[in-house]
Amino acid sequence: MAGNMTRTRDQDACPGALTVHQAADGALVRIRLPGGMITSAQLTTLAQIAEQFGSPAMELTSRGNIQIRAVTDTDNAARALTAAGLLPSPTHERARNIVASPLSGRSGGVTDVRPLLIDLDRAIQEEPVLAGLPGRFWFSLDDGRGDVSGIDADAGVHARDDGTFALLLAGRDTGVRLDSGDAVPTLIEVARRFVDIRGTAWRITELDNHSALLDGLDPSAPAGATWPPTMTPPVGWIEQRDGDVALGAAVPLGVVQARVARFLAAIEAPLVITPWRSVLVCDVPEGVADTALRVLAPLGLVFDENSPWLRVSACTGSPGCAKSIADVRADAAQAVEAPTETHRHFVGCERACGSPPTAEVLIATEDGYRLRSTSP
């Protein structure tokens with residue numbers, strides 16, 4: 001069922017759950033979680049897979065996904081993922097890249113984009129052409145608060161106060177306004193057109209001309225608006241509008257041990273993995289939330305919005321990545337003891353994987369770290 005595809009240079013090397021990536025520490029399996037949404041039972045399954053078939057150090061990604069490293073049995077891992085409902089479409093599993101405002105419908109925002117998220121995920125899987133969408137192409141659904149529109153996804157919508165949605169390409173407002181019923185069909189059509197014209201481009205930003213993606217879509221407002229990138233996750237005790245609580249847990253360096261994941265899952269509440277490599281435990285009654293906080297905080301999860309852990313990140317580094325020349329996570333963890341106001345991202349090579357849009361990117365060299373420019 002899984003197995004390793006033989007790739008040529010022109011093939012999409014972006015890992016998935018079935019098309020695995022051979023890293024220095026073994027097979028890397030990436031599980032797409034549209035909108036970062038995952039149930040407690042599904043998180044328990046991932047913890048089991050990590051413990052049984054791979055490294056227990058599960059990684060949260062900057063697209064709200066989870067990856068498991070050093071997987072020794074990709075076939076059995078894929079079977080377990082399928083049984084848990086985490087692989088609803090083998091043909092489209094790498095195309096299901098959707099980020100959405102993580103607190104949408106629960107706290108803040110102009111509208112609840114979760115119904116759009118469900119519809120978009122279904123529509124991607126039902127469109128045969130989108131099986132050819134590159135694994136790096138992604139969609140964004142912003143509920144109006146501006147937290148994910150600054151992520152520069154390829155195609156997205158941004159909720160407006162007047163009930164319409166702005167259509168975004170590469171994080172920029174196109175001036176096109178959509179009713180809620182048109183949002184998903186329009187995003188699917190843009191993605192279809194991208195597949196048709198992309199040539200060797202992986203992302204919309206690599207196209208010479210975007211205009212073909214917007215044929216027949218007439219702008220009714222000025223184009224060009226962008227949103228600043230959100231750099232820190234929602235952390236701590238978050239009051240939901242229904243009276244329940246969401247607990248926002250930052251995860252140091254985006255690495256959650258399978259044992260800790262089991263504790264998160266034991267609360268038996270809906271979970272959201274955010275694009276800032278954190279976790280939201282949602283819809284928790286106040287009393288349960290209080291108990292959960294006392295259990296989770298000593299496990300290393302961060303609930304303090306002023307914690308220096310929120311201003312440091314790192315790529316995988318050595319020994320997991322063959323290209324890295326340093327154990328960047330260890331160095332980043334050390335740097336937390338000398339906090340700064342700016343966000344620092346430690347990387348093991350020039351590729352600077354996972355770099356936040358505005359951060360001091362520190363590139364490992366044989367003589368320590370050197371500072372790269374402030375944007376990737």
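Just so you know, these numbers come straight off a predicted model, no measurement behind them.
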Next on the checklist: Can you tell me which residue among Thr111, Asp147, Thr274, Asp112 is in a side chain to side chain donor-acceptor pair (under 3.5 Å) with Ser101?
Outcome noted: Asp147
Next on the checklist: Are the side chains of Ile325 and Glu366 in contact, using a 4.5 Å heavy-atom criterion?
Outcome noted: yes
Item to check | Nearest atoms (heavy-atom pairs only) where Arg69 meets Glu59 | outcome: CD-OE2, 3.1 Å
Next on the checklist: With a 4.5 Å cut-off on side-chain heavy atoms, are Val256 and Leu60 touching?
Outcome noted: yes
Checklist entry - Are the side chains of Phe165 and His158 in touch, meaning some heavy atoms are under 4.5 Å apart? => result no
Checklist outcome for this item: Residues Gly144 and Asp142: closest non-hydrogen pair is N-OD1, 2.8 Å
Item to check | Ser107 side chain to Leu103 backbone, donor-acceptor under 3.5 Å | outcome: no
Checklist entry - Under 3.5 Å, is there a donor-acceptor pair between the Asp327 and Ser318 side chains? => result no
Item to check | Test item: Asp154 and Trp138 side chains (from C-beta on) under 4.5 Å apart, heavy atoms | outcome: yes
Next on the checklist: Using the rule given for side-chain contact (heavy atoms from CB on, under 4.5 Å), can you reason through Leu28 versus Val71, listing the C-alpha separation, both sets of side-chain angles and the distance that settles it, and then say yes or no?
Outcome noted: CA-CA 6 Å; Leu28 170 69; Val71 177; over 6 Å; no
Checklist outcome for this item: Heavy atoms of Ala95 and Leu130 approach each other most closely as CB-O, 3.5 Å
Checklist entry - Less than 4.5 Å apart, any side-chain heavy atom of Ser62 and any of Pro275? => result no
Checklist entry - Is there a side-chain hydrogen bond (donor to acceptor under 3.5 Å, both in side chains) between Thr358 and His343 once you walk through the steps? => result CA-CA 8 Å; Thr358 55; His343 188 106; over 6 Å; no
Next on the checklist: Between Arg370 and Thr365 (side chain of the first, backbone of the second, donor and acceptor by atom type, cut-off under 3.5 Å), is there such a pair?
Outcome noted: no
Item to check | Min side-chain heavy-atom separation Ile188-Val184 under 4.5 Å | outcome: yes
Next on the checklist: Any heavy-atom pair between the side chains of Ser149 and Leu168 that's under 4.5 Å?
Outcome noted: yes
Checklist entry - Which of parallel (below 30°), tilted (30 to 60°) and perpendicular (above 60°) describes Phe137 and Phe194? => result tilted
Checklist entry - Sub-3.5 Å donor-acceptor pair from the side chain of His345 to the main-chain atoms of Cys353, do we have one? => result yes
Next on the checklist: Do Pro102 and Trp276 make a side-chain contact, defined as non-hydrogen atoms from C-beta onward lying under 4.5 Å apart?
Outcome noted: yes
Checklist entry - Is a side-chain donor or acceptor of Gln240 paired with a backbone partner of Arg106 at a separation under 3.5 angstrom? => result no
Checklist entry - Is the backbone N or O of Gln42 less than 3.5 Å from a side-chain atom of Thr39, with the two atoms forming a donor-acceptor pair by type? => result yes
Item to check | Least distance between heavy atoms, Leu247 atom then Ala289 atom | outcome: CD1-O, 3.8 Å
Checklist entry - Is there a donor-acceptor contact under 3.5 Å from the side chain of Thr164 to the main chain of Asp179? => result no
Item to check | Taking every non-hydrogen atom, the tightest pair across Ala250 and Pro233 | outcome: CB-CG, 4.3 Å
Checklist outcome for this item: Heavy atoms of Leu167 and Arg177 approach each other most closely as N-NH1, 4.5 Å
Next on the checklist: For Ala335, is there any backbone N or O sitting under 3.5 Å from a side-chain donor or acceptor partner on Arg344?
Outcome noted: yes
